[in-house]
Amino acid sequence: MGPLMQGVLTILIGVFGCVGYFYFSNLVLDRLIFPARNDDAGRNINRANAVRPWLFLAPALFALCLYLVYPVVGSFWRSMYDRSGDVFVGMQNYKNLSVDPEFRSAVFNNFLWVLIVPAMATFLGLVIAQLTDKLKWGGIAKSLIFMPMAISFVGASLIWKFVYSNDPNIGMLNAIRIFFGADSPIDPLQVPFWNNVFLMVILIWIQTGFAMVILSAALRGIPEETIEAAILDGANPFQIFFKIQVPQIMGTILVVWTTITILVLKVFDIVYTMTGGNFGTQILPSYMMEYMFRDDGRATAVALVIMVLVLPVMIWNIAQARKEMR
Amino acid sequence: MENIAGHKSALTWVTRITVLILVVLWLIPTVGLFVSSFRDRDDISASPWWQAPFPAEQTFGTRVAGEAVQEGGAFVLTGSIYEGSDAQVGAKVVAFGISRSDPTGITAGESVDLKGGGTLTVNGDGTFEMRTPEAPSAKGQRVYFAAAVPPEFTTGNYERVLYSNGMAQAFINTFTVTIPSTVIPILIAAFAAYALAWMEFPGRGFLIAGIVGLLVVPLQLALVPLLRLHNDIGIGQSFVGIWLAHTGFGLPLAIYLLRNYMVGLPKDIIEGAKVDGATDFQIFTRIVLPLSFPALASFAIFQFLWTWNDLLVAKVFLPSDSESWVMTRKIADDLLGSRGGDWGILATAAFVSIAVPIAVFFLMQRYLVRGLLAGSVK
């Protein structure tokens with residue numbers, strides 16, 4: 001049986017299994033366990049309604065626990081064991097990490113990524129959102145800048161290989177350098193420190209569209225009167241933008257910022273495809289992939305480090321969600 | 001805002017030009033890939049893609065030989081220099097030469113003295129005239145020439161990528177991974193989202209907060225323990241494994257998006273149906289599910305793009321043999337490594353892999369934007 005047939009079968013099993021489960025479990029609950037008959041009818045309906053939410057939630061909760069909650073514990077547990085997974089080594093994997101110069105450089109680079117990518121993407125997104133808002137063809141412009149969102153990180157990396165190639169007949173960057181009088185092409189991905197920035201440009205290129213779409217909606221949600229009042233008071237466009245509009249959408253800017261920050265901590269594809277972590281461009285997710293399959297103890301320890309870095313944002317998100325629900 | 005204030009300033013023009021520059025900047029890399037994918041391998045290394053519409057200069061080598069005509073004490077050989085060389089007839093000769101060390105020293109139309117006496121003239125249109133005191137040898141005279149080759153666009157790269165590079169298999173594999181991974185989580189999530197939106201039970205707020213938290217759990221954590229689990233229960237590295245993994249990883253976003261949307265549905269309809277005696281199951285399937293179509297579509301697009309573009313999960317949960325590679329893996333681990341220099345193949349493979357998501361993106365942009373907004377702004 002080919003994977004394709006298997007796929008069709010899985011879809012059928014998945015869809016009909018789901019519908020069947022929900023239908024029959026409801027039926028069993030209402031007819032067999034708590035039937036609304038005899039003297040207990042009222043009490044049984046109440047009881048059934050108390051159980052029903054859990055019927056609706058059960059498959060999702062099971063999958064979430066298995067695929068997202070259990071791994072947090074499982075990874076932590078695994079990170080306490082050595083390469084083979086048989087010998088308990090306690091915190092040894094973490095100690096090894098802390099003295100590995102490559103890990104330190106990965107942490108440093110990741111810090112740069114977290115500092116630069118969300119800031120640049122949000123800033124560019126905000127500026128483009130504001131500029132395109134007044135244009136007739138703004139919709140098309142936005143759509144084109146948004147497009148890289150649909151492209152895979154691997155595809156985007158390849159696209160940028162055509163910009164960064166050290167052959168001036170292929171790499172645009174080198175062609176421009178030579179046009180302005182440089183004598184020999186360089187490999188941008190091997191220039192220390194700046195190669196990190198060149199890699200970040202790829203992610204900024206992808207994420208600006210995301211920031212732009214959300215911030216553009218937020219800008220439109222600003223009450224017109226505040227802007228009109230500012231104009232009547234003689235504010236210039238820059239003052240209106242920075243003193244009236246931006247403060248009003250600060251909440252949304254923060255959401256965009258944190259969302260991109262989380263993404264930056266997880267993306268390994270760009271570094272993996274462009275440099276393989278060489279030339280001092282290693283970041284945590286790609287560092288982890290280097291040890292995946294070879295030394296799972298160390299790989300899970302790195303994953304836990306990433307988790308710890310994500311934790312503050314997670315807590316902030318939950319706090320926000322709770323505030324909204326009230 | 002300029003209009004409200006009653007004057008149109010130069011700022012409008014600055015805005016227009018800035019946006020135009022930004023759009024061009026954003027598009028250039030993708031356009032480069034697209035153009036390159038239609039160019040011949042030799043063209044790609046001969047001239048940059050932004051010069052693709054213009055003729056590119058290439059150097060060729062050939063030998064001229066044939067029956068010479070005797071003409072007043074000299075042997076004259078005429079013909080076209082393109083015969084016996086790789087250059088097409090449309091090319092325009094710019095310069096030529098007769099030694100390897102200086103292949104393009106003489107401008108087209110001028111003459112050069114040959115070693116054994118006599119002269120050779122090559123014209124811009126490719127015709128040549130060789131005058132020698134003796135009959136030219138059968139071996140012929142070595143001639144090099146630089147010609148401006150008119151741009152040629154070909155679909156040859158696509159044929160090579162699709163028919164002989166295993167990319168077709170990778171394309172099918174990507175589809176095989178993507179479709180079940182998109183369809184299965186939707187239903188599971190929809191029921192859960194309904195319960196979280198419209199049913200009252202203790203612990204509901206806690207569960208919603210939990211799902212918001214799970215939204216940002218790094219996938220990296222899940223890889224090692226889950227692969228081990230899959231191996232223990234006999235799924236191993238397989239398509240079934242990756243479908244389950246993608247389903248699990250996609251659920252938090254699915255539940256979150258759908259719940260946010262369902263909460264906003266009009267209360268009257270749902271309460272009215274309850275009063276009329278409809279069960280929760282009926283309300284869900286007959287009212288809430290059809291009304292939530294936009295949110296379902298948003299999530300479906302997200303999940304589709306995410307699974308199609310994913311490399312990490314495919315690397316870990318699919319078998320490592322090339323038969324089950326998806327396109328991202330094929331490009332990252334195979335084409336970039338072994339064919340690092342074949343830019344035509346690389347560009348084409350990349351374009352094949354991004355064509356479907358881009359088509360989905362432009363067709364369904366409305367739903368994508370709506371989903372993004374529901375997920376981040378409230």
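Naming convention: chains lettered A, B, ... in sequence-line order (proteins, then strands); numbering from 1 in each chain. This is a predicted model, so every value here is computed, not measured.
- The shortest side-chain heavy-atom distance between B:Q220 and A:P285 falls under the 4.5 Å cut-off.
- With chain A as partner, the option from B:L368, B:I331, B:V224, B:D310 having the largest number of non-hydrogen pairs under 4.5 angstrom is B:V224.
- Interface remark: B:I255 contributes side-chain atoms only to the contact with chain A (heavy atom separation under 4.5 Å).
- Side-chain contact between A:I145 and B:V23 is present, with at least one heavy-atom pair separated by less than 4.5 Å.
- Among the candidates B:A254, B:A349, B:A332, the residue making the largest number of heavy-atom pairs closer than 4.5 Å to chain A is B:A332.
- B:A245 touches chain A through backbone and side chain together, each having a heavy atom under 4.5 Å away.
- For chain A, the nearby part of B:L305 is the side chain; its heavy atoms alone come within less than 4.5 Å.
- We find the CZ-CZ distance between B:F361 and A:F146 to be 5.0 Å, quoted to the nearest 0.5 Å.
- Separation of the B:F284 and A:F22 ring centroids does not fall under the 6.0 Å cut-off.
- With a 4.5 angstrom heavy-atom cutoff, A:L135 touches chain B only via side-chain atoms.
- If you measure heavy-atom distances from B:P185 to chain A, you find no contacts under 4.5 Å at all.
- For A:Y21, no part lies near chain B; criterion is any non-hydrogen pair under 4.5 Å.
- Side-chain contact check for B:W308 versus A:S152: every heavy-atom pair is 4.5 Å or farther apart.
- Using a 4.5 Å cut-off between heavy atoms, A:I262 contacts chain B through its side chain alone, with no backbone atom that close.
- Across B:V212, B:I188, B:V216, the residue that shares the most heavy-atom pairs under 4.5 angstrom with chain A is B:V216.
- With a threshold of 4.5 angstrom between heavy atoms, A:N26 approaches chain B through side-chain atoms but not through N, CA, C or O.
- Of the two parts of B:S36, only the side chain, counted from C-beta on, holds a non-hydrogen atom closer than 4.5 Å to a non-hydrogen atom of chain A.
- When heavy atoms are compared at a cutoff of 4.5 Å, A:W137 approaches chain B solely by way of its side chain, counted from C-beta outward.
- If you measure heavy-atom distances from A:I128 to chain B, the contacts under 4.5 Å come from the side chain alone.
- Of the residues considered (B:L221, B:L25, B:I28), B:L221 shows the highest number of contacts with chain A, using heavy-atom pairs under 4.5 Å.
- Contacts of B:A347 with chain A are made by both backbone and side-chain atoms, with heavy-atom separations under 4.5 Å.
- A:S143 places a side-chain heavy atom less than 4.5 Å from the side chain of B:Q365.
- When heavy atoms are compared at a cutoff of 4.5 Å, A:M288 approaches chain B solely by way of its side chain, counted from C-beta outward.
- For A:W205, the parts lying under 4.5 angstrom from a heavy atom of chain B are both the backbone and the side chain.
- Contact of B:T328 with chain A is made through backbone and side chain together, with heavy-atom distances under 4.5 Å.
- A perpendicular orientation is assigned to the rings of B:W343 and A:F162, their planes being inclined by more than 60° (bins at 30° and 60°).
- Contact annotation for A:L66: both backbone and side-chain heavy atoms come within less than 4.5 Å of a heavy atom of chain B.
- If you measure heavy-atom distances from B:H246 to chain A, you find no contacts under 4.5 Å at all.
- Only the side chain of A:M289 comes within contact range of chain B, with at least one heavy atom under 4.5 Å from a heavy atom of that chain.
- Both the backbone and the side chain of B:L20 come within contact range of chain A, judged by heavy atoms closer than 4.5 Å.
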| said: Run B:K315 and A:Y272 through side-chain contact (heavy atoms from CB on, under 4.5 Å) and show every step you take. | reply: CA-CA 12 Å; B:K315 251 176 100 73; A:Y272 179 81; 2.6 Å; yes
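- Taken to the nearest 0.5 Å, the CG atom of B:L311 stands 6.5 Å off from the OG1 atom of A:T273.
- At a 4.5 Å heavy-atom cutoff, A:K142 makes no contact with chain B through either its backbone or its side chain.
- Put simply, the side chain of A:L57 does not reach to within 4.5 Å of the side chain of B:F191, judged on heavy atoms.
- Proximity to chain B (any heavy atom under 4.5 Å) is restricted, for A:L61, to the side chain, taken from C-beta onward.
- With a 4.5 Å cut-off on side-chain heavy atoms, A:F56 and B:L196 do not count as touching.
- Residue A:A50: no heavy atom, backbone or side chain, is found under 4.5 Å from chain B.
- Atom CG of B:L312 and atom CE of A:M292 lie 8.0 Å apart (nearest 0.5 Å).
- With a 4.5 Å cut-off on non-hydrogen atoms, A:R52 touches chain B through its backbone and its side chain both.
- Both the backbone and the side chain of B:F281 come within contact range of chain A, each with at least one heavy atom under 4.5 Å from a heavy atom of that chain.
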